[in-house]
Every structure is written in C-alpha cells, then in structure tokens.
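Just below is one structure, and these are the notes that go with it.
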Amino acid sequence: MGRSIIGPFQIQPRPMQEKYAPAEIERAAQQHWESTAAFRAVEDATRPKYYCLSMFPYPSGKLHMGHVRNYTIGDVLTRYHRMRGFNVLQPMGWDAFGLPAENAAMANAVPPAQWTYDNIAYMKQQLRSLGFAIDWTRELATCRPEYYKWNQWLFLRMLEKGLAYQKTGVVNWDPVDQTVLANEQVIDGRGWRTGAVVEKREIPMYYLAITQYAEELLASLDALPGWPERVKTMQANWIGKSYGVRFAFPYELPAPGGTTLPSPASGRGTEGEGSGGQETEKGLLWVFTTRADTIMGVTFCAVAAEHPLAARAARDNPALAAFVEECKHGSVMEADMATMEKKGMPTGICVSHPLTGERIPVWVGNYVLMGYGEGAVMAVPGHDERDLHFARKYGLPVKQVIEVPGKTFSAEAWQEWQADKEAGRCVNSGKYDGLGYRQAVDAIAADLKAKGLGDKQVIWRLRDWGISRQRYWGCPIPLIHCEKCGTVPVPDEQLPVVLPEDCVPDGSGNPLARRADFLDCACPKCGARARRETDTMDTFVDSSWYYSRYASADNAGAMVDERVKYWLPVDQYIGGIEHAILHLLYSRFWTKVMRDLGLVSFDEPFSRLLTQGMVLNEIFFRKPASGRISYFNPAEVEPKFDDKGNRIGAVLRADGAPVESGGIGTMSKSKNNGVDPQALIEQYGADTARFFMMFASPPEQTLEWSDSGVDGSYRFLKRLWAFAAGAREAVRAAPALPARLDGALAAVRRDIHLNLKQANYDFQKFQYNTVASAAMKMLNALERAPKDADYPALAREGLSILLRLLSPITPHICHHLWRELGFGEDILHAPWPEPLEAALAQDEVELVLQVNGKLRGAIRVPAAAAKEQIEAAALAAETAQKYLEGRPAKKVVVVPGRLVNIVV
RNA sequence: GCCGGGAUGGCGGAAUCGGUAGACGCAGCGGACUCAAAAUCCGCCGCUGGAAACAGUGUGGGGGUUCGACUCCCCCUCCCGGCACCA
C-alpha cells in the first residue's frame, strides 16, 4: 500500500482485443493469482488482520446456487478488505461427514469415502473456476483422521471434566429395516424406505453438557453487536431462560408397599440428580409453570406417556397401557409433536391441589414432553389455549381465575386476553384476588415454599447436546467397552480411532458393527479383549471448531497452536440463515469449552455475522404407494398450463408422466432442486455469474431462483469491455482531472462521485446489489458524457474508480482492464477509491414542492439558502399560488435539501 | 403449533433518520443498422381516465398516528427459514 497507483504503466501491451472473451481473461487472471500466490495468508503482526470465513460446504457433488451466493459474498468482502489494507485470510474446507454419502452408497454401491473424495475434487475445481481469493494451503476435510483426531481428543477432555456423559435418548426406530432413522428420513410418521410406522426407542447415548454454559451463551449475546438482531433473538428464545415455579401435587396411592416414585430427571445437566427418590418427593407429582398466578384455576394435570405415574397407572389398566403404547408410535420431532392431534386418557389417579387440597385428576397427554421440565404439567384451561382445547375435547371443567376489565370470559372459545400477564388480575382465587401477575406469583411461591411443596425456579428450554449417531460415515466416538472395566476412554496416544474407509452401508444398521477389524481391540485398562464403540459423532461436532483449525491446519501435534491468537476470532462469518441456531450455538459452546481448557483465549468465535438468505427453487416429487419418495430436479420437469395460461401441473420430461409439486424450498441435495452453476459459468464466465448473483438481490434476503436477467449482467460486462477498449488510447495518454471542473462534465463527475459515495455506504451495509447498480450507473454516465476537451481525463478518473469499485464482484475483467488501461500492474494492490468533496459540491439545489403532501412541482434554490428564503421562494412559485388561491398558507414545512410542503 | 423473517410494476429489486415510490436491470413495445437474423444503439414502459396538458389512484388486506407513511402503531392473510438425527 501507499505507492501511487494512478500513473503511467510502463509496459506497452499488444493491442486490446475488441471482443469480451471471459474464458480467456479469467484463465489468465487465475493463473496470475496462482503464480503470485496472491491469496496465501501469512501472519504479520504489523498489519491489521481480517479473517473472512464462509461456512464450508457439504461435498454433495456439485456446487449449487446457494454456494455461489455464499462464497461470492465472502469473496467480495475479502477483496474489499484487502484493498482497504487488511491482511486477509479466506480459507476453505469440507464438511465431509454425513448422511448423503451413505445414501449415495446405498444407491450406487460406492463407499462413502470414495464418493466424498470424488465430490471434493470436482467441487474444488468449480470453486477455483469462480476465481475466489482463497488460501488453499489451509484446506481441510473433516473426514480426514488428522482432522477428526481432535474431535476425539476434545471429547475425551470433556469426558474428564464431566462435560460429556452418558444417558438414554429417544430415537426414531424403523422396525422393518431395524435401524435408527434421521428425522429427515421420517415422512408422515413412516420410514422413508420401508413405509413402516416409526417407533420411538430409548437407547444409550453420549451427551455434551451445553446446558452448563446456558447462562453464558445467553448473556454473551449482548457482546455480539456485529450479529443480526434476529439471530440473537432466535438464540435467546432457543436457550429459553424462564422464571417460574416448580411445585408438587401430593398424592397417596393405595398401592402395596408405599411406592416411592422418583422425580424424573429434570431437563438440566447431568443425569442422576434427584434419582433415588428423595424423602421430600415421596408421593409428589412435580410440575413447572411460568404461570403460577393461575394455580387456583387448575382443573387437571397431564403427564407424558413415559412418566413413571403413567407407567404405574397403566400396570393395572389395559386400556391405558394401550394408549401409552400408542404414544410411542410416531416421530420424535418437536414440530410433529406440536401439530399432531392432542390426545389424552385419564389415569384414574388423583392428586391434591397443593394450596386447596382439592382432588385433581391426572391424565396422560401425548403432547406432554418427557424431556422438558418435569414431564408433567398443571392444566389451566381457563388461561392456556392448549389446555382449553384439551378440556373441551374431554369434557373437563374450566375455571376463570384471571380477569381483564372490559373483557368477558369464555369457557368455550379461546381469546388471547385470557393469557394476558400484563393487564390480568386474579379472581376466584381466595386470598390472591386482585393481585397482578408479579405479586400473585410471589405470594403463591411463598405459600408453596412454606408448605415445603415448591419454590421459584429458573428453567431452560435448552437441552444437552446428544452427539451419538448410529451411523458409519462419521467420527468414531473414542470409547472401548470392556466386560470387566466397563466403558473405557481410548488413551490419547492411541488417537485417532480411524474409521475404515471401505465400508458400503446398506440401510440396515451401522456396518461398523460387522467389522471385526474395527470392533476388536484390547481394553486399555486390563488388556482383555474388548469391543470398540460403533456410534459416531453428530456432524455438528465437526463444524463446531473448524474455523480455528484453519489457523493451524498443518499442525499434526496439536489441535490448535499460537497462530490462532493472530487470526481468531473470525472477523466476518457468512452463511445461510438456516444455521442461525444449531451450528452457531454449538460453535459458541465449543469455543467456550476450548477457552476453559486453555486452548484459545477468545470468548466468541465470530465477531460479525452475515446471514445469507436461502436460494429457493421449486420442488417436484413422486411418492409411490409404498417405498421411497423420489425428487426430480426442476430442470427435468416441464410445467403444464390450461387454456388461460394457469399452471395446472407438471410432467417429467423423461417419461411424460405427472409429478407432484412440493412447493418452493431451499436448494438441497435431499430435495434434488439445486441448480448447477456450471452451465452458467461455461456460457457466460465466472464474472457474469458472480455479478448476477450479487445483483439479483441483497444478501440477507431469500432469493427465488430465476436466471432471467443473467443476460443483462453479461451485457453490462460486454459494454464495460467495449467502452474500455474504445477509450484505451485516450485514457492512457490523459492527464489527471483538475480539482474543479465546470459545465456538463462537472455534472457527470459529480454523478460518478455521488455513486461512489453511495456504493461505499452500501459496502458497509453488505448491500452488493446496489453496489452493482452503482457500477452500472457510472458506466451509463461515462458513455453519455459529452466528448469535449476534458473528456479523456474524466474517462480516466471514472474508469479508475469504476474498476476498483467493481473488482471485488468481478475480479477477472477488472484485473485485465486495470492493466490494459495502464493504471498499474495489479488492481489487488490498488487503494480503495474515496469520493472527492470538491466533485460533490453544487451551487444550486432542486427542492420538491408539495401542497398538502402531494407532489405539485419543484423549485430551484441556492444550496446555502436559509429556511426563510426557501419558504418565500416556495410561496412565490406559480404552482403554489394556483393552489393557495389568494389565501395564506396554514403551515409551511421545509426539509432542507429535500422538499417544501405547503398546507392550505 | 412455537420461534424468527418476508410481501413494492409483467419479473428481480431501489428508496440511508417519516420527506419526489418504482433507481438499476430483465421482459415487452416502437424505431435505427442489416438482404435477413444475431449482436449493438435510440425511445417508451405502475394502473385508470384523457389527444395532450393533467387529474385520480397505487408499496399483501383492514384500521390508526402525522403537514407528509413502503417506512411508526394495532389487527388479519399468505409465503420462507428453524424446531435439537438434513447440513
């Protein structure tokens, strides 16, 4: 930086080609960057660093438009900051473990490893052809042992600290394939391949205690001003800290032996706490509520099907046992749980209201979640919408205990105000009558506490992170099962536990369970023959720390080293909004664990976050009566129209038979609705593809794919090329513009600098669609400028601004033209352009003239005119006189630089 | 269902703090060039009425605040993302 860029460029290249030939100039520019190692990032303590990271792709086969959008945004940011003088790092890698590789293996009998590595090779070549400023020397793939070794190593550290532990978890079980299904593989409650009704099954799993960090994960959202508000809101709601009251309904069962039922493990942290049935919990049904103020309105309680009380009641009630069994069918997905028909059955057991002693019946409800809170809820149908529907369905009583002045309570139809915490006051609640939400909760909690039946409690919606997957293509969990010693961690010096890469899964369970060479091992403790754990880790583990590994990618001896101190945290992270919660939350958690282990010294991994909107496309599918659903790419599908031109359906081109429409959704491998950018790149070149992606819409907005408009982007680049070619000789010979210009050229120059000013503002806002517009406007202005004496100098200044402004978006053509026009050797080293104040100044401004807020004309006033002068000029204007009709104006509003509004 | 976001011409979108709605493109229409086509260039282009000047109307729907609302407030509809085993 620092040296003068605008100056004669010595070498006289051969005459410039007339026609824009993107393939040639893109290859040449990419070769130039490669031969100069232009994007190799080297630690340099003397320069400010800028770590720009895009979420790494899953190697699904080909890039899709979502990738092109994501990586172009990242590349624009990278190149912009490079020209702003930062030492920039933009790495790339592969989120290489996951389900699609196993699906491909089943379909084509190819080992997931081979499929994955082939895909990586192809997609890497695609990324290279798009000209991204990536430091490929830091490339990583999470399926490589040298990477996942450190997943295993950190898992063992967590195990030592009690942050990793075992407990049972519920999974989707396909009874025909005898295998665990991912949520994605459950369609309408049935297995995707077999069509069998899915069952819930409890199996042992490993968990990471993310809830131990809940408080910090919530609090430190405030320390992330560079994150979108909506993402922080979503995370805060997901963590879900709620203040409420945990209390118990006492009961006595006529059962033999004075049965003690343990309180089920609460949603928090480690297992085992509270198990064994503490004395005080004897015969107590514990619930949690955020609405203790409605406690006098409880008319029944509902427990989950897995609740001990349900099991106890089902013991001698076959109908109830059948219902509990029925609740075990269907998927474990929360969305399904929330939308399914709410069903229940009475247990025949009654509990006592803790304050009134009233008998309260206990029901089993299929909508009560065992994993959240206590697995039991108090039901207040008068003031909870879901409870009211349930009560109406089963004829349970409804009581009003909250009133809002001016509102009439209904026990039949739900009204929003019935759950109002702000305006509500207690009624029909004895001593609590007249209290508001806060006071009522305090008073009731105090009374419950005095009786030893409860107290205020903080509860989290966040659950611990279950990382066990009963799948082959993932990172092995480094544990060994020994008959004598139990579960034993693999010693550090035996890491990594390497996944064999030649398995071909067939859809019926984990092939590792049939691999003797993987399974058989010696117990690290006693040396006896033992069996390796076959569960692998959730792929979110892989992506929870890869951003740190890029800084130490070549270090075989440590997870991370001192170079993370220079590069981390990530200055700008870019990725799809679909990752707003899980991936980003897990990464934040993992970072805090690494910090507490002394591995890194930052609290948050991503200083600034840009959440890219999804690229959507239509979804087409066929679902045979039995068997597996298949999706068809929109490119293979032809729409059908009726006489009036309305779309009535679509058929598959290959066989002419109809396909069903699945609406519109994210481009994805599983829905087969991705658009391969390859054809676009081959036909128009990378610059057009990049320009069009940026021009199509602002980055954070959802984008419905359509390639109409690509032609316009290509036309613009052709026009830019033609203009530069035509102006080349004049520009190379032209002097610099004088600081002060007059006449028509001054207006053109002002236009260019105004657009530059706007574009620089838009760069700050990541609004690249209007940056692209600004570049188009500049070219329009230059083309239309009068060709007088100062024109070559103006063209020179204008092009030098335009090329630099545009170079982050279309780097190849700008690289080439920068050299052709003699501005310098490498536009990468040019300083970022800033608008000249002198070029922006003007003597006179035009103000809009409104009458009663309606546009009626315009007036011209001196730029420095005072409000009084403007008002006088406006009132004197002919248009104003016409509407005033001799009357005085009631009011005149002057907005300097903008408008005058006369109210008559 | 719950949480988050969105809706502006035929289409993608612009409008920075409440101040000219529709910038910049696409498509379309008309014209120039051409034997013709492609490419390129010039002009028109929200809707209604009007020959025009111009007037009315218009930012998903309904209401409100304001001199003035795409923008702020209340209610509603539809679409998209997430919902813990897709990544």
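Chain letters run A, B, ... following the sequence lines, proteins first and then strands; every chain starts at 1.
Evaluation of the side-chain contact (heavy atoms from CB on, under 4.5 Å) rule for A:E341 yields A:K343, A:K393 as partners, not counting sequence neighbours. When the side chain to side chain donor-acceptor pair (under 3.5 Å) test is applied to A:N237, no partner is found at least two apart in sequence or on another chain. The side-chain contact (heavy atoms from CB on, under 4.5 Å) search around A:L855 returns A:V848, not counting sequence neighbours. Residues satisfying the side-chain contact (heavy atoms from CB on, under 4.5 Å) criterion with A:A104, sequence neighbours excluded, are A:N108, A:W115. With sequence neighbours left out, A:F589 forms a ring pair (Phe, Tyr, Trp, His ring centres under 6.0 Å) with A:Y213. Not counting sequence neighbours, the partners of A:D420 by the side-chain contact (heavy atoms from CB on, under 4.5 Å) test are A:V404, A:E422, A:A423.
The list of salt bridge (charged side-chain N to carboxylate O under 4.0 Å, His left out) pairs with a residue in residues 535-544 of chain A, not counting sequence neighbours, reads A:R469-A:D538.
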All N/O pairs under 3.5 Å across the protein-nucleotides 69-80 of chain B interface:
unit_1	atom_1	unit_2	atom_2	d
B:C80	OP1	A:I664	O	3.3

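Across all strands, A:R230 comes closer than 4.0 Å only to sugar-phosphate atoms, never to a base (heavy-atom distances). Residue contacts shown for A:V186 are absent, as no nucleic acid heavy atom lies under 4.0 Å away.
For the segment residues 583-590 of chain A, the set of residues with a heavy atom within less than 4.0 Å of an atom of RNA chain B is empty.
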Show me the donor-acceptor pairs within less than 3.5 Å that the side chains of residues 770-780 of chain A make with the rest of the protein, sequence neighbours left out.
unit_1	atom_1	unit_2	atom_2	d
A:T770	OG1	A:D762	OD2	2.7
A:T770	OG1	A:Q767	O	3.0
A:T770	OG1	A:Q767	NE2	3.2
A:S773	OG	A:N769	O	3.3
A:N780	OD1	A:R719	NH1	3.3
A:N780	OD1	A:R719	NH2	3.2

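A sub-4.0 Å separation between OP1 or OP2 of B:A84 and a side-chain N or O of A:N183 is present.
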Could you write nucleotides 17-33 of chain B as a row of B, S and -, 5' to 3', where a protein heavy atom under 4.0 Å of any base atom gives B, of only sugar-phosphate atoms gives S, and otherwise -?
-> --BB--BBSSS------
Dot-bracket notation for RNA chain B is requested: 5' to 3', Watson-Crick or G-U wobble pairs only, both distances under 3.5 Å, with ( ), [ ], | and . as defined.
-> (((((((..(((......[....))).(((((.......))))).((((....))))..(((((..]....))))))))))))....
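Taking the side chain of A:P698 as heavy atoms from C-beta on, and the options B:A14, B:A84, B:G12, the nearest nucleotide is B:A14.
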